[in-house]
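This report concerns only the one structure given below.
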Number of protein chains: 4
Amino acid sequence: MARPSQKEERRRQIVAGLLRTMAQQGYAGATVATIAREADLTPGLVHYYFDSKQAILLALMQGIGRGVLGRFEERLERAGDDPWKQLFALTDALLERDPTGGTAPLQAGWLVIAAEAIHQPAVREEYSRMLFALVDRIDGLLRGVLKSEGRSTRSSRSLAAAIAAAIQGVYQLDAAAPSASKPGSSAPALRHMVEGLVAAQPGRR
Amino acid sequence: MARPSQKEERRRQIVAGLLRTMAQQGYAGATVATIAREADLTPGLVHYYFDSKQAILLALMQGIGRGVLGRFEERLERAGDDPWKQLFALTDALLERDPTGGTAPLQAGWLVIAAEAIHQPAVREEYSRMLFALVDRIDGLLRGVLKSEGRSTRSSRSLAAAIAAAIQGVYQLDAAAPSASKPGSSAPALRHMVEGLVAAQPGRR
Amino acid sequence: MARPSQKEERRRQIVAGLLRTMAQQGYAGATVATIAREADLTPGLVHYYFDSKQAILLALMQGIGRGVLGRFEERLERAGDDPWKQLFALTDALLERDPTGGTAPLQAGWLVIAAEAIHQPAVREEYSRMLFALVDRIDGLLRGVLKSEGRSTRSSRSLAAAIAAAIQGVYQLDAAAPSASKPGSSAPALRHMVEGLVAAQPGRR
Amino acid sequence: MARPSQKEERRRQIVAGLLRTMAQQGYAGATVATIAREADLTPGLVHYYFDSKQAILLALMQGIGRGVLGRFEERLERAGDDPWKQLFALTDALLERDPTGGTAPLQAGWLVIAAEAIHQPAVREEYSRMLFALVDRIDGLLRGVLKSEGRSTRSSRSLAAAIAAAIQGVYQLDAAAPSASKPGSSAPALRHMVEGLVAAQPGRR
DNA sequence: TATGAATGAGCTTTCATTCAT
DNA sequence: AATGAATGAAAGCTCATTCAT
């Protein structure tokens, strides 16, 4: 009972190693050897803690999910009861750019994961799971907003999906063509997009 | 003279082979052997027409760029003089889902390309080039809209980037988690988002 | 009967192409495609005139043999009856460095050929044939010298082989480490070596 | 701890495998697979110990350098103070033919290396380095001889280069056309050549 | 004669994974 | 727990040679 979980600590190291290398070299380029080096371990030990490279990726995805949602829930408390503020607390949390550049690996990693989801069923499953969780969370907040505006919540889920898509899109641009968007401009732009979605009269134009 | 030159045709075959396999297996999974099989050629011949696998990818990107923009320019003619209609002609063209499922490879491929752009400099360059072209095109139409609404065009480029991001996001969701969004719901949702962007009072909220 | 021998001309081109590329890239590096390009032909045509790459090499060796010996025979006429002059006419001819650098390919090529002779039996055979011819020629002249000095010709063939070896050695150094020997210093040095061989009392020291 | 490190031993095996196969098949013919088989290893393992095939070659060259010079230094001690004996200790050591045929690979290998030096810059560099070391060593001994004979040492380096060339030439003949020279005849012939070089009056004949 | 498309065998190299220690 | 040697199955790419035109 000395160290409560060497094991968990080691796994965290490895997962972090994968994220860092993957964000720079892609998934295929993230060799087990590279991951190990980044985590200050040996290749053999990586396979002692994880059955396969894919297993590391899945663990990474779950870690990201917990981390990002966790960061948001903190903010939600500070948002009070205003539905708009709550919704924007979520979008802002997701789009926040770490000034130290620390989130770049996260966004790049996320893009890489999405690409892997296309052909790795296990990854797609986890990816979908996380995305549904996100859409559901957005949907919940969005319904609050719609109600407060006296609007129908009928198609709220579609709208939530659109918001999620927009967020993913910002990730993608930031990661793959960082020069295309001005830093700091995404969060406010997304707010206006969301306002547009909410204000829209179904069937208009 | 030797066999009549089918050089361009062959190259097209190979590029198409890459897109199809890449959309199903990712870039690393699209081996030269797979590409060749998909194009009904031998691996050696693939390298007769392209110096490297990466060269095929770059050719594919240029082909996609030409194809997508071409499809749009056709529609633009039908949109007449209404700035809103012109802008929506573009977004609709980009988001249109081929009912036969034919565009799925394109969107999946695009996501894979974005992921490769992260660590392959040549790909990133081409990716940025194409994205800039898209943002510029959106920007042009957006300015028309803003003027017609009597609004400032000062930050039009940021808005254009946001719109491009939203489109990329839809691609990503469609490719990696198709079940998350209802088919057909993206195009109208994007319209509303764009309206929101345009209607926004800078500095509000 | 129009052109007496297009064929021979073409073959000469190809052989020259092999020599040039081989002198720069080695035998393995001298691709049929490279040879063809250097000869301003197409790869297919190369195999129309030669059955195989090796066949070009063998033709090259014969061409070199004729060329080098031919150059020497010219000089021999000018050497008159002095046995020493005749012998040095040969060594000088072999060691002469083209001031335009034109013989560099020849020496480099010769070194490459020697290396191929190790494992290509057909090449080794031709190489030996040429070397024997050279040693025999040297031997003939050397006997003249030995007689004129009143010395035994018993071991003249060994001495001739040693002289041939020294010449090969100069080729090798010139080709692989040109900076090791001063240009122009080889021919006189070789003369002195030969003099030493001739002057030696068998069994001395 | 893992298996006890046999790193150096393994590297030696591989280098020896390269020398053996290279002496029989040339450098291009010495595939990594062949080398591995000769060393009783798998091809993958070869690349575990060496980054590239070229790296094995460079290691081989350094090994040869150390080995040959080492063999000579032993003899030098036995040569006492006589400058001639010292010089001949060197040439004899270099030309010594292992009666078991054991040095044949070495000489053949050396020829192959010289041929590679032509077009592989890294190999040329190492080759030059070794040759310079050899010429320098010869030069040192030669100066001793020249002084003891009361002769000028002005052009000793050129003479040393000529001696080195003659040695290389013997290697070449032995490797590529072993039948051309009688076994055992090279060492004495070289001695006489060297004597001729030393005895020569500069500018004579 | 001449072309250059096409083939297929083979090359070097990489890497996830296993395993003796 | 930990190491790093070892494996083997690919991968991308090259190239002599053939062949339809």
Side-chain angles (χ1 to χ4, degrees), chain A residues 3 6-7 9-10 27-37 40-56, chain B residues 1-7 9-11 27-36 40-56, chain C residues 3 6-7 9-10 27-37 40-56, chain D residues 1-7 9-11 27-36 40-56:
Chain A
R3 279 154 297 174
Q6 257 269 63
K7 192 163 174 175
E9 173 54 19
R10 283 278 191 253
Y27 180 70
T31 304
V32 171
T34 330
I35 298 169
R37 199 175 318 133
D40 260 314
L41 299 174
T42 55
L45 204 51
V46 169
H47 271 90
Y48 180 79
Y49 288 105
F50 286 98
D51 282 345
S52 67
K53 194 178 149 183
Q54 202 194 54
I56 313 176
Chain B
M1 216 190 302
R3 227 158 290 184
S5 175
Q6 309 164 333
K7 201 157 177 171
E9 171 57 16
R10 283 276 188 259
R11 287 175 64 99
Y27 181 70
T31 69
V32 173
T34 330
I35 298 169
D40 257 313
L41 301 173
T42 54
L45 199 52
V46 169
H47 274 97
Y48 178 77
Y49 286 106
F50 286 98
D51 281 346
S52 67
K53 192 179 151 183
Q54 200 194 56
I56 312 177
Chain C
R3 279 152 297 172
Q6 257 268 63
K7 194 163 173 173
E9 172 53 18
R10 284 278 191 251
Y27 180 70
T31 304
V32 171
T34 329
I35 298 169
R37 201 176 316 132
D40 259 314
L41 299 174
T42 55
L45 205 52
V46 169
H47 271 90
Y48 180 79
Y49 287 106
F50 286 98
D51 281 346
S52 68
K53 193 178 150 183
Q54 201 195 54
I56 312 176
Chain D
M1 216 190 303
R3 226 157 291 184
S5 177
Q6 310 164 333
K7 202 157 178 172
E9 171 54 18
R10 283 276 188 257
R11 287 176 64 100
Y27 181 70
T31 68
V32 173
T34 330
I35 298 169
D40 257 313
L41 301 173
T42 54
L45 199 52
V46 169
H47 274 95
Y48 179 77
Y49 287 104
F50 286 97
D51 280 346
S52 67
K53 191 179 152 183
Q54 200 194 58
I56 312 177

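Numbers restart at 1 for each chain; the letters A, B, ... are given by sequence-line order, proteins then strands.
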Practice task
Please state whether the phosphate of E/dA2, meaning OP1 or OP2, lies under 4.0 angstrom from any side-chain nitrogen or oxygen of C/Q6.
Solution key: yes
Completion exercise
When rounded to the nearest 0.5 Å, the distance separating NE2 of A/H47 from CD1 of A/I56 is 7.0 Å
Fill in the blank from the handout: Rounded to whole Å, the CZ-C1' distance (A/R10 to F/dA1) equals 8 Å
Problem - Atom pair distance, as rounded to whole Å: OH in B/Y49 and C1' in F/dC13 - result: 17 Å
Handout entry: OP1 or OP2 of F/dC13 under 4.0 Å from side-chain N/O of B/H47
Key = yes
Exercise for the section: Find out whether C/Y27 and C/Q54 are in side-chain contact, i.e. whether some heavy atom of one side chain is under 4.5 Å from a heavy atom of the other. Expected result: yes
Exercise for the section: Hunt down the Watson-Crick or G-U wobble partner of F/dT21, both distances under 3.5 Å, from any strand shown, or write none. Expected result: E/dA2
Exercise for the section: Rounded to the nearest angstrom, tell me the gap between atom CG in C/L45 and atom P in E/dT1. Expected result: 9 Å
Exercise for the section: Round to the nearest Å and state the distance from B/Q54 atom CD to F/dA11 atom P. Expected result: 19 Å
Fill in the blank from the handout: To the nearest 0.5 Å, atom CZ of B/F50 lies from atom CZ of B/R11 at 3.5 Å
Exercise for the section: Please tell me which of the listed nucleotides, E/dC15, F/dA6, F/dT17, lies nearest to the side chain of A/T31? Expected result: E/dC15
Practice task
Find the distance D/I35:CD1 to E/dC11:C1' and express it as a whole number of Å.
Solution key: 12 Å
Handout entry: Length of the line joining D/K53:NZ and E/dT12:P, which is rounded to integer Å
Key = 5 Å
Practice task
Would you check if the side chain of C/T31 reaches a backbone N or O of C/T34 as a donor-acceptor pair within less than 3.5 Å?
Solution key: no
Completion exercise
If pairing means Watson-Crick or G-U wobble with both distances under 3.5 Å, then the partner of E/dT13 is F/dA10
Fill in the blank from the handout: The residue, D/T42 or A/K7, whose nearest nucleotide of DNA chain F is more 5′ is A/K7
Problem - Nearest-nucleotide 5' precedence on DNA chain E, C/P43 against D/D51 - result: C/P43
Problem - Between F/dT18 (P) and C/F50 (CZ): distance, integer Å - result: 15 Å
Practice task
By nearest nucleotide on DNA chain E, pick out whichever of A/G44 and D/G29 is the more 5' one.
Solution key: D/G29
Handout entry: Closest non-hydrogen atom pair, B/P43 against B/A36
Key = N-CB, 3.7 Å
Problem - Length of the line joining C/R37:CZ and F/dT14:P, which is rounded to integer Å - result: 12 Å
